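The structure appears below as structure tokens.
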Number of protein chains: 2
Amino acid sequence: MGTQFWNDDVAQLLRVREGFELRGIDPAATPGTAATKKAGQTELAASAQEFRELQEQLFAQSRVGARERVLVVLQAMDAAGKGGIVNHVFSQIEPYGLSLAAFKAPTETERAHDFLWRIEPRVPEPGVIGVFDRSHYEDVLIQRVREFAPPAEIERRYGAIADFEQRLADDGVRIVKIMLHVSPEEQAERLADRLADPAKHWKYNPGDVDERVLWDEYMSAFQIAIDRTHAAHAPWYVVPANAKWYARAAVQRIVISELAALQPAWPAADFDVVEEQARLEATRGLTWPS
Amino acid sequence: MGTQFWNDDVAQLLRVREGFELRGIDPAATPGTAATKKAGQTELAASAQEFRELQEQLFAQSRVGARERVLVVLQAMDAAGKGGIVNHVFSQIEPYGLSLAAFKAPTETERAHDFLWRIEPRVPEPGVIGVFDRSHYEDVLIQRVREFAPPAEIERRYGAIADFEQRLADDGVRIVKIMLHVSPEEQAERLADRLADPAKHWKYNPGDVDERVLWDEYMSAFQIAIDRTHAAHAPWYVVPANAKWYARAAVQRIVISELAALQPAWPAADFDVVEEQARLEATRGLTWPS
């Protein structure tokens, strides 16, 4: 488990279980640790090497045919810290092993297709950790709350998502779905910070306030989406996110534990090592300009 | 220029000029600095913040319509350190601002199209730093050396590349082409290291030795490619790369100087800040569960 930062298995603590109630989760809590901000930042850095090595092994074994990969789905209210998770947790692994897809409001072309049409091409290749910043869950969250699609269509999507994720899992994709859970009070602080700093204005969207006032409706939509799509092969984790240091360390540990469960290992050479060493040695005299 | 690590403008020193001769470049040299390994690693970390802020500004201004972006083309003999540049230099910026494309030997489908067909879709979007690990230059390097295409076709490609890069430049793409220049002796050391370590076997390809013995031919092909495609809007830089710490710090500084030349800046808000602050304040009472 890295260091003594964690006093319990945080991945198990935050994983959704039978009877899960979002209402019961305190966004300000820090389950699994008694530590504070400074220690959280230290933990994040201290576990980077473990994270990197697992990712590199996953990548290496894909070069000789392994199909395993990880898809991390990040969903949250605005300003809950998705960007910070990407920039502080997923930036720790090699860029070769990371595939990031940030989904915006669908374009006209995308809306002309089934909602999963734009998702499928962004599923990570074998060996890669894919991160979705927003995802197909937008199609049952904002689309439900805003009634962008009729109720029967929203209903259809839960089943379509379950089938889609089952198919990915059958092809070697480990799906890890994470809701970053902030309180409306904390969100207000963060939006106010963005408005107060000209270097952050570009991150602010007036629409954020319009969605914010529908907090109740969004939380209901999250509860339903979690109930309908949580599965052993595609679990949901709800991560209290009022404390950024906690959310980052927790997501890092959840992803490490999911990676470790895949048991990636350095692949055996698919060539004769001794023979290659001899071939290389025979060229040692090479110089340039010759 | 960050710190006293550089005693001269390294980007200017390494940039190809009229009459450039690859033969005259010592892969073991460290132009622009009298420092050594430890200081190089310190410099790399010390300049990360400068690099990140420029990249973030480039990204931010694209959100309000700016077209500028950067395309870094990395070309080199095997084991020259392309991967290390990606993992140690480009990993410093936010994943949102980085688009990495690693080009392998073309597939059958790719070979059925013009050589630029697979390149075009990987050109970075506005605001993003694209990195090509290998590129369309393979089509005039290995393809020339190995005679995978007839001489007239190779000849055609130099002009096609020049036209392609001119078009990208006209659309706001700053093209930065970097050759990492190692000696054959240093390459042998690195390939031997890969063969000696089971955790690195997956990085070794028996074909590397077959290409290695054609060093002379490769260097001639690089010289011709540089002569034919170096341009003010798409310059080549040749970076001595026997010392990894030097190559990494030099590439970081080259990219920072190219980014700085674009003069990215935080974009002005496209909304009324005071009005948004008032709208947000009006929702401060929001709680959940309500």
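What you see below is based on every heavy atom in this structure, not just the backbone, and it leaves out hydrogens, waters and symmetry mates. These figures come from a predicted structure and were not determined experimentally.
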Whether Arg69(A) side chain and Pro124(A) backbone form a donor-acceptor pair below 3.5 Å: yes
Mind ranking [options] by heavy-atom pairs under 4.5 Å with chain B and telling me who comes out on top?
{"options": "Ser290(A), Pro267(A), Pro206(A), Ala268(A)", "value": "Pro206(A)"}
{"options": "Leu22(A), Val86(A), Asn205(A)", "value": "Val86(A)"}
{"options": "Ala196(A), Gly83(A), Ala102(A)", "value": "Gly83(A)"}

Beyond-backbone contact of Glu68(A) with Pro126(A), side-chain heavy atoms, under 4.5 angstrom: no
Beyond-backbone contact of Phe90(B) with Gln252(B), side-chain heavy atoms, under 4.5 angstrom: no
Residue selection (most heavy-atom pairs with chain A, distance under 4.5 Å) from [options]:
{"options": "Glu185(B), Arg279(B), His88(B), Gln92(B)", "value": "Arg279(B)"}
{"options": "Leu191(B), Asp216(B), Val213(B)", "value": "Asp216(B)"}
{"options": "His201(B), Arg212(B), Arg23(B), Glu189(B)", "value": "Arg212(B)"}
{"options": "Asp208(B), Leu98(B), Val131(B), Asp210(B)", "value": "Asp210(B)"}
{"options": "Ala60(B), Ala269(B), Ala265(B), Pro289(B)", "value": "Ala60(B)"}
{"options": "Trp215(B), Trp288(B), Tyr204(B), Phe271(B)", "value": "Trp288(B)"}

Pick one of side chain, backbone, both or neither for [X], based on which atoms fall under 4.5 Å of a heavy atom in chain B.
{"X": "Lys203(A)", "answer": "side chain"}
{"X": "Ser91(A)", "answer": "both"}
{"X": "Pro198(A)", "answer": "backbone"}
{"X": "Leu100(A)", "answer": "side chain"}

Please determine whether the number of non-hydrogen atoms from other residues, nucleotides or ligands lying under 6.0 Å from atom [atom1] of [X] exceeds 12.
{"X": "Gln263(A)", "atom1": "CD", "answer": "no"}
{"X": "Gln277(A)", "atom1": "CD", "answer": "yes"}
{"X": "Glu125(B)", "atom1": "CD", "answer": "no"}

Structural part of Ser183(B) lying under 4.5 Å from a heavy atom of chain A: neither
Sidechain N-carboxylate O distance under 4.0 Å for Arg190(A), Glu186(A): yes
Within 45° cone of Phe59(B) ring axis and under 6.0 Å: Arg63(B) NZ or CZ: yes
Derivation and outcome, side chain to side chain donor-acceptor pair (under 3.5 Å), residues Tyr96(A) and Asp133(B): CA-CA 10 Å; Tyr96(A) 293 97; Asp133(B) 173 343; 2.7 Å; yes
